[in-house]
Amino acid sequence: SHVLADREIDELRAQGEHDHLDYKRIFKLDSPSAKAEFTKDVLSFANAGGTISRLLVGVEDNGTFTIPQDSTEHTRSLRKLVDTTLQAIVGERTVVAPSILVQHGEHREGPYVLITITSDTADLPYRFFTKPDAAKLPGASQGGEVWVRHGTSKRLATADEVAALEERAKLYRSLFP
């Protein structure tokens, strides 16, 4: 993975948060509820379907870098965000997981982590399960919760939205078997 230039990060900071970009000061994934929230974030992006979405960690909602109370602790928290850990967290809570790529960097204004989420239209909708084991049970592909992103926030999909995602996936699979 290439090291991102400050300029690439600045372009993401200049865009502001939107359907495919979210800024996070930091997230600690040390509790089941934190892992669940992270998974919902990832899956809500993935349910946009066939797109690339990004979480830029270490940046405030206004696009400025986080100035932590304790920079050593902040750096340590960012370092804990690695592909395998994040993939495992999401993989436990969904039937099929989107691809998650993690890039760590040092911008001139501070450290960051860029998490890139790539979904596959054929796998829509991505479903969230609160209990990690539930995603592996028979029939799980019809269960769980479907989260979608709306502007800068996430919410549960309506029945119509779920049906539309299922239709998109069906069409995609028929076109690209």
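Heavy atoms only: backbone and side chains are in, while hydrogens, waters and symmetry mates are out.
- Within the 4.5 Å cutoff, no side-chain heavy atoms of Phe129 are placed close to those of Thr39.
- The side chain to side chain contact (heavy atoms under 4.5 Å, CB included) test with Val42 is passed by exactly one of Leu86, Ile100, Ile115: Ile100.
- Judged purely by atom type and a 3.5 angstrom limit, Asp19 has no side-chain atom pairing as donor or acceptor with the backbone of Ala48.
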> For Thr158 and Asp160, what are the C-alpha separation, side-chain angles and deciding distance, and is it a side chain to side chain donor-acceptor pair (under 3.5 Å)?
Replying inline: CA-CA 5 Å; Thr158 65; Asp160 286 349; 5.3 Å; no
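- Side chains of Arg93 and Lys40 form no contact here, defined as non-hydrogen atoms less than 4.5 Å apart.
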>> Checking Thr118 against Leu101 for the side-chain contact (heavy atoms from CB on, under 4.5 Å) test, could you report, in this order, the C-alpha distance in whole Å, the side-chain angles of both residues, the deciding distance, and whether it holds?
In response: CA-CA 8 Å; Thr118 310; Leu101 171 75; over 6 Å; no
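- Applying the 6.0 Å contact sphere to CZ of Arg173 captures more than 12 heavy atoms from other residues, nucleotides or ligands.
- Here the NE2 atom belonging to His74 is positioned 10.5 Å from the CG atom belonging to Asp70, to the nearest 0.5 angstrom.
- Interatomic distance, His107 NE2 to Ile9 CD1, rounded to the nearest 0.5 Å: 7.0 Å.
- Looking only at distances, no side-chain donor or acceptor of His104 sits under 3.5 Å from a matching main-chain atom of Pro111.
- A donor-acceptor contact shorter than 3.5 Å is absent between the side chain of Thr94 and the backbone of Ala97.
- Residues Asp22 and Thr152 form no side-chain contact, since every pair of their non-hydrogen atoms from C-beta on lies 4.5 Å or further apart.
- With Tyr126 contributing its side chain and Phe45 its backbone, the two residues share no donor-acceptor pair below 3.5 Å.
- Counting only heavy atoms from C-beta outward, the side chains of Phe27 and Asp41 never approach each other to under 4.5 Å.
- A donor-acceptor pair under 3.5 Å links the side-chain atoms of Glu17 to the main chain of Tyr23, judged by distance alone.
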>> Apply side-chain contact (heavy atoms from CB on, under 4.5 Å) to residues Arg155 and Glu161 and explain how you reach the verdict.
In response: CA-CA 11 Å; Arg155 61 168 171 77; Glu161 287 170 324; 2.8 Å; yes
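- If you take OG1 on Thr85 and CD1 on Ile89, they are separated by 6.5 Å, rounding to the nearest 0.5 Å.
- In this structure, Glu166 does not pair ionically with Lys170, as no charged nitrogen and carboxylate oxygen lie closer than 4.0 Å.
- When all heavy atoms of Ala169 and Ala122 are compared, the closest pair comes out as CB-O, 3.8 Å.
- For the atom pair OG1 (Thr130) and CD (Glu145), the distance works out to 5.0 Å, reported to the nearest 0.5 Å.
- For the residue pair Pro177 and Ser174, the shortest heavy atom distance occurs at CD-O, 3.8 Å.
- Aromatic ring pairs are classed by plane angle as parallel below 30°, tilted from 30° to 60° and perpendicular above 60°; the pair His20 and His18 is perpendicular.
- A distance-only check finds no donor-acceptor pair linking the side chain of Ser44 to the backbone of Arg149 [under 3.5 Å].
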>> Run Leu171 and Arg168 through side-chain contact (heavy atoms from CB on, under 4.5 Å) and show every step you take.
In response: CA-CA 5 Å; Leu171 173 64; Arg168 258 177 84 188; 5.9 Å; no
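- Taking CD from Glu92 and NZ from Lys136, the interatomic distance works out to 8.0 Å, rounded to the nearest 0.5 Å.
- Side-chain contact between Ile52 and Thr116: present, with at least one pair of heavy atoms (C-beta onward) separated by less than 4.5 Å.
- When Leu165, Leu43, Leu124 are each tested for a side chain to side chain contact (heavy atoms under 4.5 Å, CB included) with Val146, only one passes: Leu165.
- The closest donor-acceptor contact from the side chain of Glu8 to the backbone of Ala5 lies under 3.5 Å.
- A side-chain donor-acceptor contact under 3.5 Å links Thr66 to the backbone of Gly58.
- Of the inter-residue distances, the one linking Leu81 atom CG with Lys24 atom NZ reads 12.0 Å to the nearest 0.5 angstrom.
- In the hydrophobic cluster analysis, where Ile, Leu, Val, Met, Phe, Trp and Tyr join through side-chain heavy atoms closer than 4.5 angstrom, Val82 is grouped apart from Ile117.
- Around CZ of Arg7, the count of heavy atoms belonging to other residues, nucleotides or ligands within 6.0 Å does not exceed 12.
- Of the charged side-chain nitrogens involved, none lies within less than 4.0 Å of a carboxylate oxygen, so that Glu37 and Lys28 do not count as a salt-bridged pair.
- Using a 4.5 Å cut-off between side-chain heavy atoms of Ile, Leu, Val, Met, Phe, Trp and Tyr, with links allowed through other members, Tyr172 and Val148 fall into different hydrophobic clusters.
- Each of Leu55, Thr84, Val113 was scored for a side chain to side chain contact (heavy atoms under 4.5 Å, CB included) with Val102, with one residue passing: Val113.
- Looking at every heavy atom in both residues, Ala135 comes nearest to Val95 through O-CG2, 3.7 Å.
- Between Val59 and Leu12, every side-chain heavy-atom pair lies at or beyond the 4.5 Å cut-off.
- Counting only distance, with no hydrogens or angles, the side chain of Asn47 and the backbone of Trp147 share a donor-acceptor pair below 3.5 Å.
- Comment: Arg13 engages Asp10 in a salt bridge, judged by a side-chain N to carboxylate O separation of less than 4.0 angstrom.
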